[in-house]
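The next block holds one structure in the form of structure tokens; read it before the comments.
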Amino acid sequence: MDRRIEKPKWSRGRILTLGAVAILGALALLLLRPDEGGARLRVDSKRLEIAQVREGVFEEYIPVVGSLEPVRTVYLDAVEGGRVEAVYVREGTLVQEGQPILRLSNNSLQLDLLQADAQNVEQLNLLANMRFEIERNALRLREQLAEADFQLQGLARRHQQNRALFERQLISREEYMAAEEEFEHWKNRKELMLRAFRQDSLRMERQASDLTEMTGRMRANNGVLREILDNLTVRAPVSGRLTALDAEVGELRVSGHRFGQIDVLDGYRVLADIDEYHISRVSVGQAGEFQHAGESYRLKVAKIHPEVKDGKFQIELAFDGKSPADVRRGQTVRIRLTLGDSKPAVLLPQGAFHQTTGGSWAFVLDGSGERAVRREIRLGRQNPQYFEVLDGLRPGDRVVVSSYDGYRDTGTLLVD
């Protein structure tokens, strides 16, 4: 006899289906809870870095590492080539303008100078002889004129006497005419001598002027030769610190070789390399500041070099006011370079959270400090210390600013 088997009211499939529906419903309720907007995660408070939002003045700046350089540097170049004979000072020494730095020798140049000097002496002697001949000729002409004047005076006297005697018929006409002809002869002769003397005087003046000019040129040439010889001694063109010197006794150096440089200690500038990302934000006149030996020093951008090299461009900054005294060439300083105007703002301290969220959201603690709820925010400009808050946060809010690695899909952090 067959027995009826009753079907169970709760089958295994039905139980599993209802269980899955219940789980899904619970998850939906959890996701839809308005106060916790997503999954919850319990974290240790020691792993979190919390910062408080506050009101303050936002300064947009970037940190820049610069090096101090003298405002003016003068280079030591060899005017004449030669062998280094002596070095009088070493690097780092304070030197005065005109002080000898080193001395070169150049036998070929010195021999040429001696030969040129001998030729100059010979030429000067020749010019002196020519001047002597000119003066002697002038003296001879003066003597001839003096003789002619003497003769004319005597003939004039005798002519007057003969005229008186002739008028009284005490001498013959022929004797009177002979005396008169001799007087006229000497008179004409003196006129010719005067004319020749004037011409010779003009010629001699021109020759004397030419000789004077030639003598001046010879002396100038001698001065140039002496200057060339003096250039074998390299001297400090200005007063300052000899910061570089490349010279050892016995070395041969050609003309134009750079031996070193002198830094003029009347002021410094700062050279800094900046990432090309900021090239459109940096302009002449922008302010900078750095600390040295407990004091603050102000700078301003004086020049921007347009060339970009290895992803960086260079700027020159001048001191705006006082400058430090106890610094050296190449010393580095850390500068705060301001990029924009300062203005009041709501400020959020910098943190690693920004790398995950991009500044679009953050975890904000409630009043109890036991829960940090995800909140949409909007950030603006930033500097190495703060973000400028545009929306979503108020002064006094406490924000988790440490890294959000592993929290991307979390809605609430339960802080232990």
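Numbers here are sequence positions counted from 1.
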Derivation of the salt bridge (Lys or Arg N to Asp or Glu O under 4.0 Å) call for Arg253 and Asp246: CA-CA 10 Å; Arg253 297 302 188 191; Asp246 177 22; 3.6 Å; yes

Gln261 side chain to Thr73 side chain, donor-acceptor N/O pair below 3.5 angstrom: no

Side chain to side chain, Asp397 and Arg375, heavy atoms closer than 4.5 Å: yes

Chi angles and distances behind the salt bridge (Lys or Arg N to Asp or Glu O under 4.0 Å) call for Arg235, Asp230: CA-CA 10 Å; Arg235 304 177 186 274; Asp230 186 63; 3.6 Å; yes

Step-by-step side-chain contact (heavy atoms from CB on, under 4.5 Å) determination, Ile377 to Val389: CA-CA 8 Å; Ile377 64 173; Val389 178; 5.9 Å; no

Side chain proximity check, Val64 to Leu317, heavy atoms < 4.5 angstrom: no

Non-hydrogen side-chain atoms of Ile304 and Ile279 separated by less than 4.5 Å: no

Rounded distance (nearest 0.5 Å) linking atom CZ of Arg269 with atom CD of Glu69: 6.5 Å

Residue pair Val415, Val400: steps toward the side-chain contact (heavy atoms from CB on, under 4.5 Å) verdict: CA-CA 11 Å; Val415 183; Val400 177; over 6 Å; no

Tyr88 vs Ile101 side-chain heavy atoms within contact, under 4.5 Å: no

Heavy-atom side-chain proximity of Arg334 to Pro63 below 4.5 angstrom: no

Gap separating the CG atom of Leu139 from the CZ atom of Phe132, nearest 0.5 angstrom: 9.5 Å

Minimum side-chain heavy-atom gap Leu393-Val364 below 4.5 Å: yes

Contact check, side chains of Leu104 and Phe259, non-hydrogen atoms, under 4.5 Å: yes

Inter-residue atom distance Ile262.CD1 - Leu242.CG, 0.5 Å rounding: 5.5 Å

Pairwise side-chain contact, Val264 with Pro70, heavy-atom cut-off 4.5 Å (strictly under): no

Minimum-distance pair of heavy atoms, taken over all atoms of Tyr297 and His292: CE1-O, 3.7 Å

Salt bridge (Lys or Arg N to Asp or Glu O under 4.0 Å) partner of Arg336, the single match among Glu60, Glu59, Glu289: Glu59

Evaluation steps, salt bridge (Lys or Arg N to Asp or Glu O under 4.0 Å), between Lys312 and Glu276: CA-CA 5 Å; Lys312 296 180 180 295; Glu276 63 179 326; over 6 Å; no

More than 12 heavy atoms from other groups under 6.0 Å of CZ on Arg72: no

Distance (rounded to the nearest 0.5 Å) between Ser402 OG and Ile50 CD1: 8.0 Å

Ring geometry between Phe353 and Tyr404 (parallel below 30°, tilted from 30 to 60°, perpendicular above 60°): tilted

Side chains of Tyr61 and Gln286, donor plus acceptor under 3.5 Å: no

Gly92 to Arg241 - nearest heavy-atom pair and separation: O-NH1, 3.0 Å

Candidate pair His305 and Phe313, rule side-chain contact (heavy atoms from CB on, under 4.5 Å), full reasoning: CA-CA 7 Å; His305 297 272; Phe313 67 100; over 6 Å; no

Closest contact, heavy atoms only, Arg398 versus Gly369: NH2-CA, 3.4 Å

Closest non-hydrogen atom pair between Leu232 and Gln110, with its separation: CD1-NE2, 4.3 Å

Passing candidate, side chain to side chain contact (heavy atoms under 4.5 Å, CB included) with Leu102, options Leu245, Val249, Val89, Thr233: Leu245

Interatomic distance, Leu339 atom CG to Ser283 atom OG [nearest 0.5 angstrom]: 9.0 Å

Heavy-atom closest pair, residues Asp416 and Asp44: O-OD1, 4.1 Å

Audit row: Asp366, Val373, side-chain contact (heavy atoms from CB on, under 4.5 Å) steps and yes/no: CA-CA 7 Å; Asp366 61 10; Val373 181; 5.7 Å; no

Atom pair CZ/CZ of Phe363 and Arg371 - distance to nearest 0.5 Å: 12.5 Å

